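Below is one structure, written out as structure tokens; comments come after it.
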Amino acid sequence: MLGWALTFLVVALIAAVLGFGGIAGTAIEIAKIIFFVAIILFLVSAVVGLFRGRSSRMP
């Protein structure tokens with residue numbers, strides 16, 4: 001997912017250099033959204049992993 005965000009960021013940078021402001025703005029907004037979604041999913045996954053790893057097993 002971070003790969004997609006990086007791809008849209010590169011597309012935005014290239015579009016900005018070539019003068020396509022509308023495409024660059026759209027691409028950077030998509031990159032931001034994907035980046036924040038990836039961060040949120042990572043945090044949820046980390047929290048779930050911590051809670052699953054702390055299960056007490058009685059012998």
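As the structure is a prediction and not an experimental result, all values here were calculated from the model. Nothing fancy with the numbering, it's 1 onward along the sequence.
When the side chain to side chain contact (heavy atoms under 4.5 Å, CB included) test is applied to Phe20, the partners found at least two apart in sequence or on another chain are Ala15, Leu18, Ile23. Scored by the side chain to side chain contact (heavy atoms under 4.5 Å, CB included) test, Val10 finds Ile14 as partners (sequence neighbours excluded). Considering only residues two or more places apart in sequence or on other chains, Ala16 meets the side chain to side chain contact (heavy atoms under 4.5 Å, CB included) condition with Ala24.
Of all heavy-atom pairs spanning Ala12 and Ile28, the tightest one is CB-N, 3.8 Å.
Among residues at least two apart or in separate chains, there is no salt bridge (charged side-chain N to carboxylate O under 4.0 Å, His left out) pair with a member in residues 40-51. Residue pairs meeting the salt bridge (charged side-chain N to carboxylate O under 4.0 Å, His left out) criterion with at least one partner in residues 17-38, sequence neighbours excluded, are Glu29-Lys32. For residues 5-16, no pair satisfies salt bridge (charged side-chain N to carboxylate O under 4.0 Å, His left out), with sequence neighbours left out.
One hydrophobic cluster holds both Phe35 and Leu43 under the rule that ILVMFWY side chains link at heavy-atom gaps under 4.5 Å. In the hydrophobic clustering of this structure, Ile33 groups with Leu41; members are Ile, Leu, Val, Met, Phe, Trp, Tyr whose side-chain heavy atoms approach within less than 4.5 Å, directly or through other members.
In terms of modelled atom types and a separation under 3.5 Å, the side chain of Thr26 and the main chain of Gly22 share a donor-acceptor contact.
At least one side-chain heavy atom of Phe8 sits under 4.5 Å from a side-chain heavy atom of Ile34.
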